[in-house]
Amino acid sequence: MEYDFRNLESKWRKNWQDRGTYHVKEDPTKPKYYVLDMFPYPSGAGLHVGHPLGYIASDIYARYKRLQGFNVLHPMGYDSFGLPAEQYAIQTGQHPAVTTDENIARYRQQLDQIGFSYDWSREVRTSSPDYYKWTQWIFKQLFDCYYDLKTDKAERISTLIHAFEMDGNSNIQAVTDFEGQFTSTEWHAYSAQQKEEIIQAYRLAYLAESWVNWCPALGTVLANDEIINGVSERGGHPVEQKRMRQWSMRIKAYAERLLEGLDRIDWSDSIKEQQRNWIGKSQGASVSFAIENSIESIEVFTTRPDTIFGVSFMVLAPEHPLVNQLVSAECKSAVEQYQKEAGLKSERDRQADVKNITGQAIGAYAIHPFTGDRIPIWIGDYVLASYGTGAVMAVPCGDQRDYDFAKYFGLPIKNIFANVDITEQAYTEKDAQIAESDFLNGLDAKSAMIKAIEAIEAKGIGKGKTNFRLRDAVFSRQRYWGEPFPVCYQNEIPELISDDLLPIELPEVDKYLPTEDGEPPLARAKKEAWNHFQGERMEFNTMPGWAGSSWYFLRYMDPSNENEFVGKEKVDYWKNVDLYIGGSEHATGHLLYSRFWTKFLYDQGYIPFDEPFEKLINQGMILGKSAIAYLDSEGKMHSYDLIAHDTSQFREVRILIDLIQDDESIDIDALRKWQPQFEKLELKTNDQGKILVKREVDKMSKRWYNVVTPDDLCEKYGADTLRMYEMFLGPLEQSKPWDTKGITGVHGFLKKYWRLFHQNGQFEVSDGAPTKESMKSLHKTIKRLRDDLDRFSFNTGVSSFMICVNELTEQKCNNREVLTQLSILMAPYAPHITEEIWSKLHGDNSSIFDQSYPVFDEQYLKESDFEYPVSFNGKLRFKVSLSVELTPKEIEAQVLGMPETQKYLEGNTPKKTIIVPGRIINFVI
RNA sequence: GCGGAUGUGGUGAAAUUGGUAGACACGCCAGACUUAGGAUCUGGUGCCGAGAGGUGUGCGGGUUCGAGUCCCUCCAUCCGCACCA
C-alpha cells in the first residue's frame with residue numbers, strides 16, 4: 001500500500017467538511033484561544049506559494065492549541081473592497097462585485113486544497129452589505145464622539161453640546177482643531193451651520209478642508225501610509241498636495257495611547273519602532289516670538305528650549321500664513337518668487353532635494369523674548385508647513401540644518417555651549433554645559449530645559465508641549481468600490497442616516513468613473529438607485545480600504561448578528577486576538593488603524609479590551625527566482641555563460657520559470673511553443689548545446705513569469721508535503737526566495753513516515769511494550785516540538801520529525817503506542833496523512849484532532865555514564881552526559897575515580913573544578 | 001542622517017540559560033538495484049592536508065576554564081523613516 005496522498009487527502013477534506021470538524025462554539029468550560037491571519041484581498045491572480053506561508057503557520061498553531069485543550073477560534077475571510085476590481089470594472093464594465101465573487105471562489109478553492117482548519121461558517125467579506133452595515137455603524141459612532149482630555153477617552157458629542165450650552169467652550173479640554181473662545185450666549189446665537197462647523201472640529205470622524213494627497217492617476221485622495229517615496233503604493237503614480245474638503249479620522253487624539261499600548265503587546269521591535277516613528281512623539285515647548293512693529297507673533301515649536309539663547313534667526317515655511325503680512329516692500333518680489341518656486345516642487349522633489357539649501361529673508365524681524373535682540377525672519381522650504389507650527393526658531397550652534405542654513409546665507413552663529421568647538425558643524429549632543437545664556441548658564445541640558453520652560457511660562461509666551469508627527473487620516477476616497485458613508489446633506493450640513501436604515505448599499509451606476517464635473521462615481525447614481533435616499537443629496541465619497549479591515553476580527557466572533565456588530569457575550573468570551581500572523585507591510589496602516597478603532601470601541605464600552613492583537617508575527621515574503629535570457633540586436637538568444645561579463649549589448653527577456661531545467665537552462669522546445677515571438681528563435685548555445693539563463697530574485701509576480709502556485713505542488717506532492725515544506729524553508733519571519741528543489745526531501749520524509757506503519761504493503765503495527773530506545777526518541781521529540789511551537793519555530797519542528805522518523809526507522813520500530821503519540825504530534829503539521837493513519841490505528845469514529853497533546857516524560861531523557869575526555873591543555877575537560885539526579889559532588893568523585901582521569905592528572909590534585917550540569921566538567925590543574 | 005534587523009559549508013539552515021559548531025534537508029561524489037528513471041537504498045561530504053594534524057561562525061579587540069551566543073570598534077547586506085525643528 002503506497003502513500004497515495006491524492007485520494008487520501010481529498011477523502012479527509014470531504015470528511016472534515018461533512019463532519020463539521022472545524023466548527024467552533026463558545027464554550028465557557030474551556031479556555032479560549034484566538035488565532036488569526038490577516039485576511040487577503042482576493043486578487044485576480046490567485047494565490048502563489050507565498051500567500052499560504054503565514055496561513056500554514058497559524059493553522060499549525062491553531063491545531064496545536066486545540067490539542068492542548070483550548071477552544072480555538074480560527075476564521076478566515078476577505079478584504080474584498082479594493083482598487084483592482086474597480087479598475088477592471090472601468091475597463092470592462094463588469095460590476096466589481098461579480099469580479100470579486102469570482103476571485104473569492106478561486107481563493108477558496110485554492111485555500112481548501114491545503115487543508116486549513118478554518119471555521120468557514122464564520123467567513124466575513126468587507127464588501128458584503130451585512131458586513132459593511134456595521135462598518136457604517138462604527139463610522140456613525142466615531143462621528144458622534146469627541147476625545148475628552150479630562151476623562152482621557154472618547155465621549156459623546158451630546159455631552160459636548162450640553163457643555164457648550166451651559167458654559168461655552170471655556171471648560172472644555174478636548175482634542176480639537178477649534179481655536180476660538182465662545183460663551184454659552186454666543187453658542188446659542190450661532191446658526192446651525194456655525195454650530196456644526198465648530199462641532200466638526202471636535203468629532204473623531206469629521207469633515208474638514210485640509211491639505212490632502214491627491215493622486216490624479218487614481219482620481220482619489222490617499223492616506224499618508226498609502227504613499228511610498230512620494231508615489232502611490234498602488235500603481236506607483238505621482239501624488240500632489242491639494243486642498244480639499246474631506247472626511248478625516250482624528251487619530252491624533254489617540255497618539256499617546258497608541259504609543260503607550262505598544263509596551264503592553266508582544267510584537268516585534270521593528271514593527272513597534274515603525275509605529276513609534278510614525279506617531280513621532282517629541283517633547284519640548286511652544287514659544288511665541290513678538291514681531292517688530294506688528295501686533296502679530298510667531299509661534300514655534302522646539303525640542304530644545306534650553307538653547308533659546310542661541311537663536312539667531314527664524315525660519316518659516318514658505319506657505320506660512322503670516323509671511324504675506326510681514327514681508328517688507330523691498331523683499332516682496334523675491335519672497336513671492338521663492339514661494340512660487342517652492343510651490344512648484346512636488347513633495348517628492350522636495351525630498352530628493354535635501355542637499356540644496358534655499359531660502360529668502362522676508363525683511364521682518366522678531367524680538368528675542370529674553371535678550372530683546374532683533375532676529376531676522378526668513379522663509380525656507382526645509383521648514384514644513386504641516387509639522388509643528390510651520391515655523392522654527394533657528395539655533396545654528398545646536399542644529400545641523402540651522403547651522404548649514406546660517407553658513408550658506410552668512411547669518412550669525414552664536415555658541416552657547418561651554419568648551420565646544422562649532423567651527424565645522426553644529427553640536428547636537430545634549431551633554432554640554434550651557435553658557436552665554438543668562439539664567440541658564442552653567443546648567444546641563446536637562447535642567448536648562450526645565451528652567452527655560454519655567455521662564456517661558458512665567459513670561460506668558462509659551463509652555464511645555466508635546467508634539468506628534470502623526471497626522472489625522474483622510475477617510476474618504478473618490479471611488480466606487482468601497483463602503484458608502486451613512487451620511488446625507490441638508491443645507492450643506494452632514495447628517496447621519498438612522499441605524500434602522502443601514503446598510504446604505506452601493507447604488508448601481510452606469511460607469512465607474514468620476515462625473516464630468518469631477519464628482520466621485522457615486523454621483524452618477526440616480527436618486528432611486530439608492531436604497532435610502534435622504535436629505536438633499538447623499539455623500540458621494542466612499543470609505544478607504546482600511547475601514548473594513550479595522551474591525552473585522554471582531555465580526556468573526558458573531559458573523560451573522562443582525563442587531564449588533566458583535567454580541568456582548570461573544571466578545572466577552574473570545575476577547576482579543578491571541579496570535580495574529582501577517583505581513584509587515586501593514587505596520588503603519590492597518591495595524592495602527594485597527595488599534596485606534598479598538599481603543600475607541602473600548603472607550604465606548606462595546607468591547608472589553610483596548611489592544612486588538614496580543615501577539616503579532618510578521619511572516620517574511622516568499623520571493624520568486626526570475627529567469628532572464630539575453631537577445632542580441634538581431635533577436636538571437638545567447639546562452640548567459642557566453643556573455644556573462646558584458647550584458648550591455650543585449651536585451652533582457654524574462655522566461656516563464658516552468659521552462660527552466662536544472663535551475664539554469666531553457667527547455668528550448670517548450671520555449672518555442674510558449675510565445676509566438678520565440679517560435680523561430682535563433683540560438684547561440686554554449687558547449688553543451690544549452691541556453692543558460694541568469695537567475696534573479698524578485699517579488700513573485702505574473703509579469704516576471706516567476707510565480708509558483710500551490711496548486712501544482714499539491715497535485716504533485718500533496719498538501720501535507722507542501723505544508724511541511726513551506727515550514728521547513730526557514731524561519732517564518734525571514735524573507736526567502738522560493739526553491740522547489742528541496743521539496744523532495746520533505747516528501748520523502750512523509751513516505752518514510754508512512755512506511756513506519758506498513759510492511760510489505762500492508763498496514764501493520766505491533767502491540768507489545770515499546771523499547772526504551774524508541775521511547776527515548778519519542779519523548780525527545782515531544783519535548784523538542786513543544787519548545788519549537790512555544791517559540792513559533794516551525795522550521796525546526798519539521799526537522800525534529802525527520803530526526804525522529806529516521807531513528808524509529810533505524811530501530812525498526814512499529815510499536816502502536818509510540819506511533820500513536822508521534823501521529824498526534826504530527827497532526828498539526830500534516831493533518832491529512834495523520835488522520836488517515838489514525839483511522840487505521842483507532843478506527844473511523846475517533847478523530848486525531850480530538851486527542852490531547854502528548855506530554856514528555858523526563859525519565860526517558862536521562863542519559864547515563866561518563867563518556868570521554870575531550871581535551872587536555874592545562875585543564876582536563878570531559879563530556880559527561882550524566883544522570884540528572886547526581887549532585888555535582890558525586891559527579892566530581894566519579895570522574896576523578898576514572899582511570900582515564902588519573903592518567904591525565906598524573907598524580908596532581910585539581911585546583912579548581914567547573915561543572916556544567918548535564919554537559920561538561922573541567923578540572924584546572 | 002536616524003531607527004530596526006541580519007551576517008555560520010556549494011545551498012536552505014540548526015545550535016533552547018555561554019558548554020563537542022554545521023543537526024535536518026537540498027546539492028554533489030561513490031556504490032547497490034533497475035531495460036530505464038526526476039524511483040528506492042547504502043556510504044561519504046566545512047576548509048587546508050596523502051596523513052597525523054591544523055583551521056574554522058563578516059573583520060579586529062575584550063570578558064570567561066570555555067564565545068556563533070555576552071561587551072566594544074569597524075565592515076557588509078536588507079528593511080523602515082527621512083529637512084519632524
Side-chain angles (χ1 to χ4, degrees), chain A residues 228-229 268-278 280-282 284 300-304 307 315 317 350-351 353-357 380-384 386-395 398-402 404-405 428 467-471 584-585 587-588 618 620-621 661-663 716 725 728-731 733-746 748-749 751-752 755 783-784 787-788 790-791 793 795-796 798-806 867-868 870-871 873-879 881 911-925:
Chain A
I228 312 285
N229 295 327
S268 73
D269 289 344
S270 118
I271 295 275
K272 285 189 184 181
E273 268 315 296
Q274 279 182 53
Q275 291 213 343
R276 285 192 190 107
N277 283 341
W278 192 260
K281 178 178 179 172
S282 48
V300 300
F301 173 75
T302 176
T303 54
R304 297 292 304 273
T307 63
V315 188
R350 236 162 114 156
Q351 281 174 18
D353 210 17
V354 172
K355 275 155 229 119
N356 283 335
I357 296 166
D381 68 3
Y382 83 92
V383 177
L384 304 176
S386 54
Y387 182 76
T389 60
V392 302
M393 57 174 225
V395 183
D399 183 286
Q400 194 57 42
R401 293 156 312 183
D402 297 346
D404 293 341
F405 196 87
T428 54
N467 220 349
F468 293 96
R469 200 184 75 102
L470 183 71
R471 289 192 239 165
S584 57
E585 65 273 20
T588 50
N618 300 113
M621 206 190 309
Q661 311 165 317
D662 310 325
D663 221 19
K716 201 163 172 192
Y725 184 55
F728 184 69
L729 278 176
E733 299 182 72
Q734 231 162 71
S735 290
K736 52 231 158 190
W738 178 266
D739 187 348
T740 305
K741 261 191 297 180
I743 203 169
T744 55
V746 173
F749 153 74
K751 285 187 187 168
K752 225 169 170 177
R755 255 181 267 132
K783 183 168 170 17
R784 283 197 57 174
D787 290 350
D788 291 338
D790 289 343
R791 64 197 165 100
S793 176
N795 56 327
T796 54
V798 178
S799 296
S800 302
F801 287 124
M802 290 180 171
I803 295 166
C804 184
V805 167
N806 284 346
E867 287 177 21
Y868 50 88
V870 179
S871 63
N873 176 8
K875 53 197 175 271
L876 192 55
R877 189 172 174 214
F878 286 84
K879 176 174 181 197
S881 321
K911 285 183 195 147
K912 194 171 162 193
T913 310
I914 298 146
I915 294 173
V916 181
R919 289 293 183 175
I920 302 285
I921 180 162
N922 296 290
F923 294 110
V924 181
I925 303 164

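Note: hydrogens, waters and symmetry copies are ignored here, and every other heavy atom, side chains too, is used. Naming convention: chains lettered A, B, ... in sequence-line order (proteins, then strands); numbering from 1 in each chain.
- Comparing B:C83, B:C81, B:G27 by their nearest atom to the side chain of A:R469 picks out B:C81.
- One finds a side-chain N or O of A:N806 lying less than 4.0 angstrom from the OP1 or OP2 phosphate oxygen of B:A25.
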Under-3.5 Å N/O pairs linking protein and nucleotides 43-46 of chain B:
none

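- Among the heavy atoms of the strands lying under 4.0 Å from A:D269 are primed sugar atoms or P, OP1, OP2 only; no base atom is included.
- Listed pair A:S282 / B:A85 meets the phosphate criterion, a side-chain N or O lying under 4.0 Å from OP1 or OP2.
- Counting all heavy atoms, side chain and backbone alike, A:N467 lies closest to A:G388 at ND2-CA, 3.3 Å.
- In this structure, CG of A:N618 is placed 12 Å from C1' of B:G80, rounded to the nearest angstrom.
- Between the CD1 atom of A:I271 and the P atom of B:C78 there is a distance of 20 Å, given to the nearest Å.
- Contacts of A:K752 with the nucleic acid, taken as non-hydrogen atoms under 4.0 Å apart, are absent.
- Between the side chains of A:Y387 and A:S282, at least one donor-acceptor pair of N or O atoms lies under 3.5 Å.
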**Asked** Can you give the dot-bracket line for RNA chain B, using ( ) for pairs inside the strand, [ ] for pairs that cross earlier ones, | for pairs with another strand and . for unpaired bases, where Watson-Crick and G-U count if both distances are under 3.5 Å?
**Response** (((((((..(((......[....)))((((((.......))))))(((....)))..(.(((..]....))).))))))))....
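- Among the candidates A:K783, A:R784, A:R791, the single residue satisfying the salt bridge (charged side-chain N to carboxylate O under 4.0 Å, His left out) test with A:D787 is A:K783.
- Ranked by how close their nearest RNA chain B nucleotide is to the 5' end, A:K783 and A:S270 are led by A:S270.
- Proximity of A:I271 to A:N618: side-chain heavy atoms (C-beta onward) are separated by under 4.5 Å at one or more points.
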Could you go through nucleotides 1-3 of chain B and list every protein N or O atom that sits under 3.5 Å from one of its N or O atoms, giving the distance for each pair?
residue: B:G3; atom: O2'; partner: A:E273; partner atom: OE1; Å: 3.2

**Item:** Base versus backbone protein contacts along nucleotides 8-15 of chain B [heavy-atom cut-off under 4.0 Å; B, S, -]
**Value:** ----BSSS
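- Between the CE atom of A:M621 and the NZ atom of A:K736 there is a distance of 12.0 Å, given to the nearest 0.5 Å.
- Ring pair A:F468/A:W278: centre-to-centre distance not below 6.0 Å.
- Remark: of the listed residues A:K281, A:E273, A:Q275, A:Q274, A:E273 is the sole one forming a side-chain contact (heavy atoms from CB on, under 4.5 Å) with A:N277.
- The two residues A:V315 and A:A394 come nearest to each other via the heavy atoms CG2-CB, 4.5 Å.
- For A:F301, the ring pair (Phe, Tyr, Trp, His ring centres under 6.0 Å) criterion is met by no residue, not counting sequence neighbours.
- Distances shown here put every side-chain N or O of A:R755 at or beyond 4.0 Å from the OP1 or OP2 atom of B:U40.
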**Request:** Please report the C-alpha distance between A:Y382 and A:D402 in whole Å, then the side-chain angles of each, then the deciding distance to 0.1 Å, and finally whether the side-chain contact (heavy atoms from CB on, under 4.5 Å) criterion is met.
**Result:** CA-CA 10 Å; A:Y382 83 92; A:D402 297 346; 2.7 Å; yes
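- Contacts of A:D404 classified as salt bridge (charged side-chain N to carboxylate O under 4.0 Å, His left out), with partners at least two apart in sequence or in another chain: none.
- Across all strands, A:K751 comes closer than 4.0 Å only to sugar-phosphate atoms, never to a base (heavy-atom distances).
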